[in-house]
Amino acid sequence: MELAEARRYAVDVTLDPDTAHPDLILSPDKKTVTYQDRHQDPPNNLERFDNYPIVLGFNKLTGGKHYWEVEVEGKTNWTLGVCWKFVRRTEPIYLSPKYGFWTVWLKDGKYEACNYPENVRLPVNIEPRRVGIFLDYEAGKVSFYNVTDRSHLFTFTDISGTLHPYFYTGYDERGGNAASLIICPVPAKLE
């Protein structure tokens with residue numbers, strides 16, 4: 001599907017504070033997440049990620065078509081996508097459809113689709129400032145787009161289960177990855 005068509009299904013994604021790692025700061029409107037190495041003391045919650053700086057979207061995706069965009073400009077490490085509602089929260093996480101994660105990342109300067117144990121290198125010609133995620137639940141697909149150059153990055157198939165948007169900020173890396181992940185409004189037309 002073309003990016004312009006996917007954008008017709010824009011939804012209002014917000015971050016779920018009950019799932020946010022204690023080192024993550026969410027904006028009051030729950031559209032921005034920032035990693036800060038100052039462990040907060042949030043209420044104990046079984047839904048909270050405690051090993052990695054991860055937060056899920058509040059949106060429960062069980063049908064239909066959904067599209068959202070995330071600003072990644074200035075980040076050197078991030079992971080975006082969708083995951084099952086009940087993925088591991090306290091143990092090592094293996095990013096793979098086998099374990100309920102359909103994600104892409106920027107890590108060590110490489111853009112990849114996470115498919116444990118072997119990732120797929122993505123065809124990135126221009127570094128994305130925004131990444132678009134399009135979930136077509138009935139078709140069982142989630143597609144990723146580089147909004148900056150309007151290119152398709154990757155599509156996972158065989159999606160199922162109750163899903164939530166997935167956001168991993170990465171660690172600060174001595175100030176080199178300090179930028180926030182920002183859920184952006186989707187304009188009606190491509191800029």
Side-chain angles (χ1 to χ4, degrees), residues 1 3-35 42-43 45-50 52-73 75 78-90 93 95-97 99-106 113-114 128-147 152-170 180-188:
M1 178 178 284
L3 177 58
E5 176 67 17
R7 284 178 137 207
R8 291 181 47 226
Y9 298 97
V11 294
D12 184 24
V13 171
T14 56
L15 301 167
D16 182 355
D18 289 340
T19 66
H21 182 277
D23 287 342
L24 296 179
I25 306 298
L26 305 185
S27 63
D29 67 357
K30 296 180 182 50
K31 298 286 188 181
T32 301
V33 57
T34 307
Y35 176 82
N45 182 339
L46 294 175
E47 293 186 35
R48 188 172 313 288
F49 287 88
D50 67 358
Y52 304 100
I54 297 168
V55 61
L56 299 184
F58 186 76
N59 309 59
K60 181 167 57 171
L61 309 172
T62 58
K65 296 178 182 179
H66 312 271
Y67 177 83
W68 61 98
E69 291 180 0
V70 182
E71 182 177 311
V72 296
E73 188 169 18
K75 303 278 301 160
W78 50 262
T79 308
L80 299 171
V82 295
C83 70
W84 285 333
K85 179 179 174 75
F86 298 108
V87 291
R88 290 180 173 185
R89 309 291 171 116
T90 59
I93 293 172
L95 295 177
S96 166
Y99 298 103
F101 295 90
W102 294 268
T103 58
V104 299
W105 72 18
L106 167 61
C114 303
R129 291 187 304 272
R130 278 190 188 186
V131 173
I133 299 125
F134 177 65
L135 172 68
D136 184 340
Y137 195 91
E138 277 69 32
K141 295 180 181 180
V142 63
S143 297
F144 297 86
Y145 296 91
N146 178 346
V147 178
H152 173 258
L153 295 172
F154 192 79
T155 296
F156 285 100
T157 57
D158 298 324
I159 308 294
S160 64
T162 299
L163 302 172
H164 287 267
Y166 174 94
F167 305 85
Y168 167 84
T169 63
S180 301
L181 291 175
I182 303 168
I183 303 167
C184 302
V186 178

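Index from 1, following the sequence. Just so we're clear, the structure is a prediction, and the values are computed from it rather than from any experiment.
- Taking 4.5 Å as the limit, some side-chain heavy atom of Tyr35 sits within range of a side-chain heavy atom of Leu24.
- Although no hydrogens or angles enter the test, the distance criterion places a donor-acceptor pair under 3.5 Å between the side chain of Ser27 and the main chain of Thr32.
- A 4.5 Å side-chain heavy-atom check between Thr103 and Phe167 finds every atom pair outside the cut-off.
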Intermediate values then yes/no, salt bridge (Lys or Arg N to Asp or Glu O under 4.0 Å), Arg130 and Glu73: CA-CA 7 Å; Arg130 278 190 188 186; Glu73 188 169 18; over 6 Å; no

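- Judged by distance alone, the side chain of Asn59 and the main-chain N or O of Thr14 form a donor-acceptor pair under 3.5 Å.
- Partners of Phe144 under the ring-ring contact (aromatic ring centres under 6.0 Å, His included) rule, at least two apart in sequence or in another chain, do not exist in this structure.
- Side-chain atoms of Arg48 never come within 3.5 Å of backbone atoms of His21 as a donor-acceptor pair (strictly under, hydrogens ignored).
- Looking at heavy atoms from C-beta onward, Tyr67 lies in side-chain contact with Val186 at the 4.5 angstrom threshold.
- The shortest heavy-atom contact between Pro17 and Leu15 is CD-O, 3.3 Å.
- Residues Val104 and Ala113 approach most closely at CG1-CA, 4.0 Å, considering heavy atoms.
- No side-chain heavy atom of Ile183 sits under 4.5 Å from any side-chain heavy atom of Glu69.
- When all heavy atoms of Tyr137 and Ser160 are compared, the closest pair comes out as OH-C, 3.9 Å.
- For the pair Lys75 (side chain) and Thr169 (backbone), a donor-acceptor distance under 3.5 Å is present.
- Between the CG atom in Asp29 and the CD1 atom in Ile182 there is a gap of 10.0 Å [rounded to 0.5 Å].
- Arg129 is linked by a salt bridge (charged side-chain N to carboxylate O under 4.0 Å, His left out) to nothing, counting only residues two or more places apart in sequence or in another chain.
- Contact check for Leu163 versus Lys60: no side-chain heavy atoms found under the 4.5 Å cut-off.
- When every heavy atom of Leu26 is checked against every heavy atom of Ala20, the shortest pair comes out as CD1-CB, 4.4 Å.
- In this structure, NE2 in His164 is found 7.5 Å from CG in Asp16, a value given to the nearest 0.5 Å.
- Between the side chain of Thr19 and the main chain of Leu56, a donor-acceptor pair closer than 3.5 Å is present.
- By the 4.5 Å heavy-atom criterion applied to side chains, Leu80 and Val72 are counted as neighbours.
- Annotation for Pro53 and Gly170: closest pair CG-O, 3.7 Å, computed over non-hydrogen atoms.
- For Lys65 and Glu138, the salt-bridge test fails: no basic side-chain N is under 4.0 Å from an acidic carboxylate O.
- Between atom CG of residue Leu61 and atom OG1 of residue Thr162 there is a gap of 9.0 Å, rounded to the nearest 0.5 Å.
- Aromatic ring pairs are classed by plane angle as parallel below 30°, tilted from 30° to 60° and perpendicular above 60°; the pair Phe134 and Tyr9 is tilted.
- For the ring-ring contact (aromatic ring centres under 6.0 Å, His included) with Tyr166, the lone residue among Trp68, Trp105, Phe101 that qualifies is Phe101.
- Under the ring-ring contact (aromatic ring centres under 6.0 Å, His included) criterion, Trp84 pairs with Trp102, sequence neighbours left out.
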Worked check of side-chain contact (heavy atoms from CB on, under 4.5 Å) between His66 and Ile133: CA-CA 8 Å; His66 312 271; Ile133 299 125; over 6 Å; no

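- Note that SG of Cys114 and OH of Tyr168 are 10.5 Å apart. Values are rounded to the nearest 0.5 Å.
- Asp136 has its side chain out of reach of Ser143: every pair of non-hydrogen atoms, C-beta onward, lies at least 4.5 Å apart.
- Put simply, CG on Leu3 and NE2 on His152 are 10.5 Å apart, with the number rounded to the nearest 0.5 Å.
- The local environment of OH in Tyr52 is crowded, with over 12 non-hydrogen atoms from other residues, nucleotides or ligands closer than 6.0 Å.
- By the 4.5 Å heavy-atom criterion applied to side chains, Val11 and Val13 are counted as neighbours.
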